[in-house]
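Computed from heavy atoms alone, side chains included, the values below leave out hydrogens, waters and symmetry copies. Protein chains get the first letters and strands the later ones, always in sequence-line order, with residue 1 at the start of each.
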2 protein chains.
Amino acid sequence: MSLPETTIPEPKRRRGRGDGSIPASKRTPNYRQLRSPFPHMNVFSDDEIAAMHDTALRILEELGIKVLLPEARKIYAQGGARVDETTQMVYIGRDIVEAGLASAPKSIACMAGARHRDVLLELGCLTFQPGGSAPHVTDRERGRRPGSGRDFRDLVQLTHHFDVFQMISALTEPQDIATNVRHYFTTQAQLELTDKFPFLYARGTPQTMDNFEMVRDFRGLSDAEFAANPHCYTIINTNSPRTLDIPMAQGVIDFARHGQMPIITPFTLMGAMAPITVAGAITLSHAEVLASIALHQLVRPGAPVCYGTFTSNVDMKSGAPALGTPTHFQASLAAGQMARFLGLPWRSAAGSASNVNDAQAANENQMGLWGCLLAGASVIIHSAGWLEGGLTFSYEKLIADVEVLNMVAELCAGNKAGSDEIGFETAIAEVAPSGHFFATTQTLARYTTEFYEPVVHDYANFGTWTERGAKDASTRATKVWQDILAADKRPVTDPARREALQAFIDKRTGEGGAPPES
Amino acid sequence: MSLPETTIPEPKRRRGRGDGSIPASKRTPNYRQLRSPFPHMNVFSDDEIAAMHDTALRILEELGIKVLLPEARKIYAQGGARVDETTQMVYIGRDIVEAGLASAPKSIACMAGARHRDVLLELGCLTFQPGGSAPHVTDRERGRRPGSGRDFRDLVQLTHHFDVFQMISALTEPQDIATNVRHYFTTQAQLELTDKFPFLYARGTPQTMDNFEMVRDFRGLSDAEFAANPHCYTIINTNSPRTLDIPMAQGVIDFARHGQMPIITPFTLMGAMAPITVAGAITLSHAEVLASIALHQLVRPGAPVCYGTFTSNVDMKSGAPALGTPTHFQASLAAGQMARFLGLPWRSAAGSASNVNDAQAANENQMGLWGCLLAGASVIIHSAGWLEGGLTFSYEKLIADVEVLNMVAELCAGNKAGSDEIGFETAIAEVAPSGHFFATTQTLARYTTEFYEPVVHDYANFGTWTERGAKDASTRATKVWQDILAADKRPVTDPARREALQAFIDKRTGEGGAPPES
């Protein structure tokens, strides 16, 4: 499958650092539709992966999964699963799982608000999301605080600004917005402030139907057009071990029925809600994904669904989540092998457990990121902004991590070594021994476009850096996000549709909104 | 080739964080002799690499290299190269280069002060060195200052402490020690404070002969034993472009004659002393390494020599070195392809250009590190501690980077997915839906050994972390290095040899030492 033909507009020239002496960079990278250039790394043998898959099937057949939603149990039963209504346990035969895997699409064309923002999800693609679902936010000006509506909108705008994010995530929870109308707020923000592929929570059918209606109408789609491709997605977290709760099961069903995309992601912390080993944790996670995909495909065979994993270890001293560890890294590798075993696009996660935007935060996020990259993840969530294992979204950490994501995106472009690049005549032969290359033919032709231009990294020497206030990367990041928000750049949207959206929200709010289900 | 048989003593149990409630980790990792588990990533096609190699040969034949040392020009001439004594230019035919590549060993057994510290260098091996040659040092207690003798000894002890460093590097320049006796100081520190593979500067034959004599006698070796394997190494930096200066050429000759190992490393900053393209810079760097290996093998065919590269870009705004950039990453990949093309062990470099141990410093170092890892580097230098592109060695940055190196070393151990690890009976079947795994048979059997125990990363939650003083990773790192230095652990060495070493140094100092040559 490929995306519809599209004319990708020229990205805006990125600003120089305004010292006046150097022409602005003319580099125009395209970070929007990336293919991974990274080799796959395996942690287990093919036989071990097959044994893990077989054990996952055995878990579903012999141990079963607890499904709290009666409608979901009914769908499983109609599909041939053995259901015990007393215990709410569902025992899923491997034939049901295998049928679900056979009908799940291997390539998914996710439709954004503009064609150049569309995202193709399949093995080999590479997309990024910032951190999701943080209850708190923090920045150097205002400190740590509960996430608010303003924060949610700010983070949508910051996500929109950086091309390297192809999808919006759940960002932060706007806790100052009442829960019965919060979904209007978050969906409106995503429709009006960005044209990237939006995230919607699955918190019960009434909210989900509201959300679908808002997206469909704002995008100007018929019901059939809306259902033909995903125009939004959600994250389905199973309740590990072996439980699918009511809103999550309802989300699987609702998103399947309407052709929108759930990403099925058990959050399995090894030693806590999953086995202490990578093999055990990924086997359990895999079983839970298979159970959810089976349900999803029973509802609507062929509907888009994405495999997901988020497995790391806890700190055995404190029980707290640890991210960016060797175990997290290996769990991503194992999940990648599982996804390739199935042939499905899949998401993995980076993130940081640090309490502050420091060297630990950077190293954890990047270590987790490389695990995802070498695992061949199609979607990497929590790739920027997370502190405290996801309890807090840091504005400055977002900027710090974007720098790394941009550099990874640069690597996707590859490089060349033709005679122009080698430059025997235009560079090497022009320079005498111990001379310099500042003025070679090759340098003059390329110096404004050859190198990546950083967002927040500073290469000034120690003296200059000290004179400028000895600001560390976190301090410098504050101005970066402030400048982006001050510019308040929004995609062009139709005023009539904005008005219609507001009218819909006002009407539904007047009717009492839709309380979340749990 | 393989290392001599060795009994690796059990590493000491690493300390817990001293909160008294949790038993100390029983994990006993072996970070000493690592094989890389990472897949190779290529940036160029095989044809492009062959074209770059061919261009490098053409550079040496047609453009030549300026060689400032008359003895070296004589050796080249005797080997068949065309030499212009007026211009000091040497034109090296590809037959000479190819003969040198044919006789250069593909596997080198580097002998340390104890057999379990020996290092095998060949493609597939993975070794780390901390940052080298920084003129300044910094730490949070004493600030930024010129490197001193005390700093050099401190950094040797810190390098010794962490098993993940298999080699000592040049660390910092002890500027308070007179240059005619500085080599006694630095060699003595490495012999007495560590039993790892030592680094010696090549600053003229008199200093090199002093150094060789100290190492040989302290290790208790005959001349023949000393010459049979490398017991120390040096770094040879060509003066890019296309110049080999007097001490560097002398170092190549002296180390070859005595069977000690030079690592030939052009430092090629793209756009400054090398072409602005990855292909051009690596082609030039490759030509300079080939010229040096040719000289080395003309002196003593089969003597150990290591291929090296350190190529990154300059910031085109300031001309300052930029490290951990996409260009740096791709240059490592290209160099790795070149080294595999030749079949030689090789070194690459990480490092940071940041002015402080912050998120930039962490992200740069780790990005550069992943470039080296995916390039299959046998030796990764500057892998910890560097700030300011190597102008300053930071005690705290050393600790921050060690955390990442340890995690990489953990990944070298791989993982398993047998039935014990999957744990269908011992873990998954033991836990009810929505239960926890803290007390499964599998968890109880593994919880003290399953996970990596961090050096400085902190997983405490925000409240606990705040109560403990809200210390960021850099602040916590101060206590880590202070505790290591306070413990002052040294390898067991023979007092008679220490006395003999001191007597040698006193005698040579009385004779005026040996001034460095340049």
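The contact between A:A417 and chain B is made by backbone and side chain atoms together, counting heavy-atom distances below 4.5 Å. Using a 4.5 Å cut-off between heavy atoms, A:A432 contacts chain B through its backbone alone, with no side-chain atom that close. Contact annotation for A:T440: neither backbone nor side-chain heavy atoms come within less than 4.5 Å of a heavy atom of chain B. In this structure, chain B has heavy atoms under 4.5 Å from both the backbone and the side chain of A:A272. With a threshold of 4.5 angstrom between heavy atoms, B:R58 approaches chain A through its backbone and through its side chain. Only the backbone of A:H40 comes within less than 4.5 Å of a heavy atom of chain B; no side-chain atom from C-beta onward does. Only the side chain of B:M89 comes within contact range of chain A, with at least one heavy atom under 4.5 Å from a heavy atom of that chain. When heavy atoms are compared at a cutoff of 4.5 Å, A:L374 approaches chain B solely by way of its side chain, counted from C-beta outward. Both the backbone and the side chain of B:A322 come within less than 4.5 Å of a heavy atom in chain A. In this structure, the portion of A:L63 lying under 4.5 Å from any heavy atom of chain B is its side chain and not its backbone. The parts of A:F462 that come within reach of chain B are both its backbone and its side chain, each placing non-hydrogen atoms under 4.5 angstrom from that chain. Contact of A:N415 with chain B is made through backbone and side chain together, with heavy-atom distances under 4.5 Å. If you measure heavy-atom distances from B:E62 to chain A, the contacts under 4.5 Å come from the side chain alone.
Side-chain contact check for B:S352 and B:N365: no donor-acceptor pair (N or O, by modelled atom type) lies under 3.5 Å. With hydrogens and angles left out, the side-chain atoms of B:Q366 and A:N363 include a donor and acceptor closer than 3.5 Å. Checked by atom type, the side-chain pair A:E364/A:S354 shows no donor-acceptor distance below 3.5 Å. Using modelled atom types, one finds a donor on one side chain and an acceptor on the other under 3.5 Å when comparing B:E288 with B:T238. Judged purely by distance below 3.5 Å, without hydrogens or angles, the side chains of B:Y452 and B:E403 pair a donor atom with an acceptor atom.
For chain A, the option among B:H436, B:K66, B:Q330 with the highest count of heavy-atom pairs below 4.5 Å is B:Q330. The choice from B:N42, B:I282, B:D472 that makes the most heavy-atom pairs within less than 4.5 Å of chain A is B:D472. Most heavy-atom pairs under 4.5 Å with chain A, from the set B:N357, B:D47, B:N355, B:V431: that is B:N355. Of the residues considered (B:P326, B:A400, B:A362, B:A477), B:P326 shows the highest number of contacts with chain A, using heavy-atom pairs under 4.5 Å.
When atom types are taken as modelled, the side chain of A:R476 and the backbone of A:V456 share a donor-acceptor pair closer than 3.5 angstrom.
You'll find the side chain of B:T283 reaches within 4.5 Å of the side chain of B:I59, heavy atoms only. No side-chain heavy atom of B:N461 sits less than 4.5 Å from a side-chain heavy atom of A:E388.
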Verdict with reasoning, B:M367 to B:T325, per side chain to side chain contact (heavy atoms under 4.5 Å, CB included): CA-CA 7 Å; B:M367 181 63 68; B:T325 63; over 6 Å; no

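The side-chain tip of B:R27 does not point at the ring of B:F451 from less than 6.0 angstrom away and within 45° of straight on.
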